[in-house]
Asks: 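Once you've had a glance at the structure underneath, I'll fire off some questions.
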Protein chains: 2
Amino acid sequence: MAKKKTSIKDIAKALGISITTVSFILNGKAREKRISEELTRKVQDYIQEIGYKPSHLAQSLRLGKSKVIVFMVEDISNSFFASIARLIEEKAYKNGYKIIYCSTDNDSEKAKELITTFKMRNVDGFIITPTPNLDNAILELLDEGLAVVLFDRWIPGIDCSYVVVENEISAYEATKHLIQGGCNNVGFVTVESSQTQMVDRLKGFQHAVKESNTKHSILEVKFHAIAEQEASEKILEFLKNHADLDGLFFSTNYLAFEGLQSLARLHKQIPKDVKVVSFDDHYFFNLYQPQISAIEQPLESIADKLMESILLQLDENSLGRKFQKITLPNELHVRQSSR
Amino acid sequence: MAKKKTSIKDIAKALGISITTVSFILNGKAREKRISEELTRKVQDYIQEIGYKPSHLAQSLRLGKSKVIVFMVEDISNSFFASIARLIEEKAYKNGYKIIYCSTDNDSEKAKELITTFKMRNVDGFIITPTPNLDNAILELLDEGLAVVLFDRWIPGIDCSYVVVENEISAYEATKHLIQGGCNNVGFVTVESSQTQMVDRLKGFQHAVKESNTKHSILEVKFHAIAEQEASEKILEFLKNHADLDGLFFSTNYLAFEGLQSLARLHKQIPKDVKVVSFDDHYFFNLYQPQISAIEQPLESIADKLMESILLQLDENSLGRKFQKITLPNELHVRQSSR
DNA sequence: TTGAAAGCGTTACCAT
DNA sequence: ATGGTAACGCTTTCAA
């Protein structure tokens with residue numbers, strides 16, 4: 001059933017030449033090693049004919065690099081991460097890298113386990129949305145000379161490449177947009193988190209409301225609650241307790257989705273009763289009636305920078321470690337929900 | 001910078017024993033090989049102490065299996081595939097397998113290329129949503145003894161495991177639901193495709209309308225058009241040309257999304273003017289006002305069966321190849337859009 | 001009870 | 001110009 005795999009040795013034997021020669025030709029070193037045109041041709045033809053493909057496994061073992069990058073995110077089924085996955089895939093494959101994915105659920109124990117598992121697989125690099133308390137694990141990776149790029153959030157105090165967006169500024173602007181649109185009491189629904197992206201969004205919101213001395217309330221939902229769908233109830237309760245809110249800013253799209261459901265249940269009209277803006281744009285925000293204003297993260301640029309940054313570290317020729325710390329701007333799309 | 005990796009050899013040297021002994025202990029064969037409790041303990045302690053992890057790469061090379069499964073889908077950013085990705089991930093990791101993903105864009109050339117690339121990586125198995133014309137590539141994989149499971153669609157004439165859903169029956173039922181709800185002229189919007197899942201959905205629709213002799217029209221959008229967003233226009237045009245449609249059945253959720261936009265633009269009321277049902281449920285269908293009726297595919301079961309089936313093939317102990325051909329039932333959720 | 005050594009498929013150094 | 005061979009890190013057979 002299973003066909004015997006042909007190896008470089010078989011080729012050498014079949015052609016009555018040495019392994020070395022075949023290897024050189026295979027690696028395009030025929031010229032350099034001054035192997036005759038004729039032999040080169042012959043070998044290439046034969047290789048073509050039998051459809052030989054070198055074993056990446058053996059190469060990895062020999063070269064010490066596996067050409068595999070781990071894409072470790074909070075949840076690969078989340079549309080933001082899935083989209084990034086799709087975008088980096090292309091660039092990775094183009095550069096000869098494969099991508100293994102895994103989801104941490106924002107659980108640091110799970111993340112640490114995953115990291116050790118991958119280390120024994122000799123992967124070359126990690127693209128990570130760090131969970132809380134991942135400092136040491138990341139430091140170790142760096143210490144072992146692995147390529148690492150963080151994204152979506154970064155870890156203060158760790159000198160490491162990252163690609164994030166302007167969370168604070170965008171949150172500030174979105175909030176200001178609500179206030180300038182006439183909101184006198186604006187609510188901020190976010191996830192309880194000490195991670196940079198959430199902290200910054202909160203800061204942006206607070207900056208805006210304080211600046212204009214606007215009445216406001218904040219709801220922080222626990223992360224696990226989102227998975228367990230009690231987020232919806234929390235939001236409903238929040239909206240009931242703050243019936244006079246005339247503006248709502250959600251720090252993530254999934255919170256906004258829950259919020260929209262709650263608003264519908266309370267028969268609140270958007271934007272008449274309450275204006276709505278969400279962080280992290282989504283296809284549906286355009287589809288929903290009314291269309292929902294949102295801050296769009298530049299997915300393409302994020303993916304570009306992510307790959308650029310990790311390839312830079314993976315590049316043999318670049319001397320010394322080159323860290324890139326990139327913060328990309330977002331775009332606020334004002335739609336019906338906040339006009 | 002880069003720490004030297006400790007190998008089994010280093011351990012042997014450090015402890016003044018042979019590599020073999022260490023290997024035996026590492027692989028839990030201490031008992032079997034009757035290695036003294038004392039030595040075993042010593043080795044284990046040392047391993048613990050220096051935090052040694054065996055190289056999976058070397059093991060793979062030696063054992064001839066990499067413990068890697070390729071998850072090759074149409075588009076990993078599509079929520080259906082991303083959700084499945086999330087679900088199989090867990091099961092795979094639990095069984096010591098890692099998952100590499102890739103997207104084919106339903107392009108058979110790309111798919112073939114990806115398959116050859118992965119073969120040289122010595123992956124153990126493939127979970128694939130086959131593109132058209134992938135027959136030979138799949139047959140080769142099977143022939144080489146690799147584990148293969150198709151899903152979402154299968155390839156008639158190829159004896160291979162697959163996990164699909166009851167496309168025809170569900171499409172039939174959904175259409176019948178519209179007709180029984182009073183629709184006299186129902187439209188079917190689908191993707192132009194010769195693949196089983198789409199063919200079956202079309203069959204189901206046709207069966208239902210013919211059975212009840214109901215007036216109907218069909219729009220087949222080209223696959224590439226969806227990516228290029230001209231699908232939206234096609235659908236708009238279709239709706240204009242068939243202004244008397246009072247029922248609409250979309251064969252996929254992304255077509256339904258486009259359709260909803262078009263209906264909104266034409267100021268058609270759902271379900272008053274036209275009732276709507278879509279294949280492939282989505283979080284958003286619950287959120288949309290009115291809520292959209294949809295056929296939900298059993299994601300969990302699909303993922304379960306996918307892993308079960310591939311692990312069965314991967315299992316050393318199971319004699320002979322065991323193909324599983326699984327067809328799972330869906331669930332029609334009747335919501336406001338078709339009541 | 002433990003060890004030596006072959007072999008998995010490569011690459012690259014050192015010979016010739 | 002081409003070939004022999006050690007090494008990458010591991011498993012496993014055979015020998016002691």
Side-chain angles (χ1 to χ4, degrees), chain A residues 2-44 47 50-67 96 119-124 316, chain B residues 2-43 47 50 52-67 96 119-124 144-145 316:
Chain A
K3 229 185 281 183
K4 205 189 81 194
K5 282 235 161 197
T6 48
S7 79
I8 203 169
K9 200 197 280 176
D10 301 321
I11 296 175
K13 204 180 294 171
L15 263 41
I17 56 178
S18 93
I19 292 182
T20 316
T21 311
V22 180
S23 176
F24 282 149
I25 295 175
L26 238 31
N27 293 304
K29 295 189 181 166
R31 264 256 134 63
E32 186 187 326
K33 298 293 176 181
R34 298 194 258 178
I35 289 168
S36 70
E37 281 275 323
E38 194 196 328
L39 184 55
T40 306
R41 213 103 270 88
K42 199 169 95 184
V43 173
Q44 280 170 340
I47 285 170
I50 64 167
Y52 164 81
K53 298 281 171 208
S55 156
H56 247 282
L57 219 57
Q59 287 180 329
S60 299
L61 182 60
R62 181 63 237 246
L63 276 340
K65 32 201 76 251
S66 60
K67 289 277 183 178
K119 278 203 266 192
M120 43 192 273
R121 288 221 170 236
N122 298 68
V123 300
D124 296 338
E316 312 268 87
Chain B
K3 226 186 279 180
K4 208 191 78 194
K5 282 232 156 196
T6 49
S7 77
I8 201 170
K9 198 197 283 176
D10 301 322
I11 296 174
K13 203 181 295 172
L15 262 42
I17 56 177
S18 92
I19 293 181
T20 316
T21 311
V22 181
S23 176
F24 283 151
I25 295 174
L26 238 30
N27 293 307
K29 296 192 179 163
R31 264 259 133 61
E32 186 186 328
K33 298 293 176 180
R34 298 194 256 182
I35 290 168
S36 71
E37 281 274 326
E38 193 194 332
L39 185 55
T40 306
R41 192 116 262 104
K42 198 169 92 183
V43 172
I47 284 171
I50 63 166
Y52 166 80
K53 297 281 172 207
S55 157
H56 245 282
L57 218 55
Q59 287 179 326
S60 298
L61 184 60
R62 181 63 234 242
L63 275 339
K65 33 200 78 257
S66 60
K67 288 277 187 180
K119 277 203 265 189
M120 42 192 274
R121 288 218 170 240
N122 298 66
V123 301
D124 295 340
E144 289 172 34
E316 312 268 272

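What you see is a predicted model; the values in this text were computed from it and never measured. Throughout, a chain's letter reflects where its sequence line sits, starting with A, and its residues are numbered from 1.
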Asks: Looking at every strand, decide which applies to L39(B) at a 4.0 Å heavy-atom threshold: base, sugar-phosphate, or nothing.
Replies: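 The residue L39(B) makes sugar-phosphate contact but no base contact.
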Asks: Kindly point out which of dT2(D), dT10(C), dT2(C) is positioned nearest to the side chain of T21(B)?
Replies: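 Given the options dT2(D), dT10(C), dT2(C), the side chain of T21(B) is closest to dT2(C).
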Asks: I need the CD1-P distance between I25(B) and dT2(C), as an integer number of Å.
Replies: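 Roughly 8 Å, once rounded to whole Å.
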Asks: Looking only at side-chain atoms of S18(B), point me to the closest of dT12(D), dT2(D), dG3(C).
Replies: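 It is dG3(C).
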Asks: Separation of L26(A) atom CG from dT10(C) atom P, in whole Å?
Replies: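 That distance rounds to 8 Å.
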Asks: Kindly give the heavy-atom pair with the smallest separation between K42(B) and L15(B), and that separation in Å.
Replies: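 Answer, listing the atom of K42(B) first, then L15(B): CE-CG, 4.3 Å.
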Asks: Want to settle it: does I35(B) or A58(B) sit nearer the 5' end of DNA chain C, counting the closest nucleotide to each?
Replies: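 Going by which nucleotide is closer to the 5' end, it is I35(B).
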Asks: Quick one: CG on L39(A) to CD on Q44(A), what's the gap to the nearest 0.5 Å?
Replies: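 Result: 10.0 Å between the selected atoms.
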Asks: I want to verify a distance call: between dT12(D), dT10(C), dG3(C), whose nearest atom is closest to the S23(B) side chain?
Replies: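 Per side-chain heavy atoms of S23(B), the pick is dT12(D).
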Asks: Taking side chain to side chain contact (heavy atoms under 4.5 Å, CB included) as the test, write out the residues that go with L63(B), two or more places apart.
Replies: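 With neighbours one apart ignored, the set is Q59(B), K65(B).
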Asks: Does Y52(B) put a side-chain nitrogen or oxygen below 4.0 Å from OP1 or OP2 of dC10(D)?
Replies: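 Yes, within the criterion.
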Asks: Quick one: side chains of residues 19-33 of chain A, donor-acceptor pairs under 3.5 Å with protein atoms, not counting sequence neighbours, listed by atom name and distance.
Replies:
from   : atom 1 : to     : atom 2 : distance (Å)
T21(A) : OG1    : S18(A) : OG     : 3.2
S23(A) : OG     : N27(A) : ND2    : 3.4
N27(A) : ND2    : S23(A) : O      : 2.9
R31(A) : NH2    : E37(A) : OE2    : 2.9

Asks: Write down the distance between NZ (K13(A)) and C1' (dG4(D)), rounded to a whole number of angstrom.
Replies: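 Distance, rounded to whole Å: 15 Å.
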Asks: Taking side chain to side chain contact (heavy atoms under 4.5 Å, CB included) as the definition, give me every residue that meets it alongside L61(A), ordered by chain and number, with sequence neighbours left out.
Replies: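 Result, side chain to side chain contact (heavy atoms under 4.5 Å, CB included) vs L61(A): A58(B), L61(B).
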Asks: Whether the side chain of S66(A) engages the backbone of N122(A) through a donor-acceptor N/O pair (distance < 3.5 Å, no angle test) should be reported.
Replies: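 Here the side-chain-to-backbone pair exists.
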Asks: Quick one: do D10(A) and I50(A) satisfy side chain to side chain contact (heavy atoms under 4.5 Å, CB included)? Show the steps, please.
Replies: CA-CA 11 Å; D10(A) 301 321; I50(A) 64 167; over 6 Å; no
Asks: Between I8(B) (CD1) and dA7(D) (P), how many Å, whole number?
Replies: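 Going from CD1 in I8(B) over to P in dA7(D) covers 18 Å.
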Asks: Any side-chain N or O of S36(A) under 4.0 Å from OP1/OP2 of dT2(D)?
Replies: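 Checking dT2(D) against S36(A), a side-chain N or O does come within under 4.0 Å of OP1 or OP2.
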Asks: Mapping F24(B) and I17(A) onto DNA chain D by nearest heavy atom, which one lands closer to the 5' end?
Replies: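 Result of the comparison: I17(A).
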Asks: To the nearest Å, give me how far apart CG (N122(B)) and C1' (dG9(D)) are.
Replies: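 It works out to 16 Å between those atoms.
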Asks: Rounded to the Å, how far apart are L61(B) CG and dC8(D) C1'?
Replies: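 The answer, rounded to whole Å, is 9 Å.
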Asks: Reading DNA chain D 5' to 3', what string of ( ), [ ], | and . shows its pairs, if Watson-Crick and G-U wobble pairs count only when both distances fall under 3.5 Å?
Replies: ||||||||||||||||
Asks: With sequence neighbours left out, write down each residue that passes salt bridge (Lys or Arg N to Asp or Glu O under 4.0 Å) with K119(B), or none if nothing qualifies.
Replies: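 Listed in chain order: E140(B), E144(B).
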Asks: Can you name the atoms? Protein N/O to nucleotides 5-7 of chain C N/O, anything below 3.5 Å, with the distance.
Replies:
from   : atom 1 : to     : atom 2 : distance (Å)
dA5(C) : N6     : T20(B) : OG1    : 3.4
dG7(C) : N2     : R62(B) : NE     : 3.3
dG7(C) : N2     : R62(B) : NH1    : 2.8

Asks: Can you tell me how far P of dG9(C) sits from CG of L63(B), to the nearest Å?
Replies: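 My rounded result for the distance is 13 Å.
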Asks: Rounding to a whole Å, what distance do you find between R121(B):CZ and dT10(C):C1'?
Replies: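 Taking atom C1' of dT10(C) as the reference, CZ of R121(B) is at 14 Å.
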Asks: Between residues 27-34 of chain B and DNA chain C, which residues have a heavy-atom gap below 4.0 Å?
Replies: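 Under 4.0 Å from DNA chain C: K33(B), R34(B).
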Asks: If every non-hydrogen atom of Y52(B) is compared with every non-hydrogen atom of I11(B), which pair is closest and at what distance?
Replies: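 Closest pair (atom of Y52(B), atom of I11(B), distance): CG-CD1, 3.5 Å.
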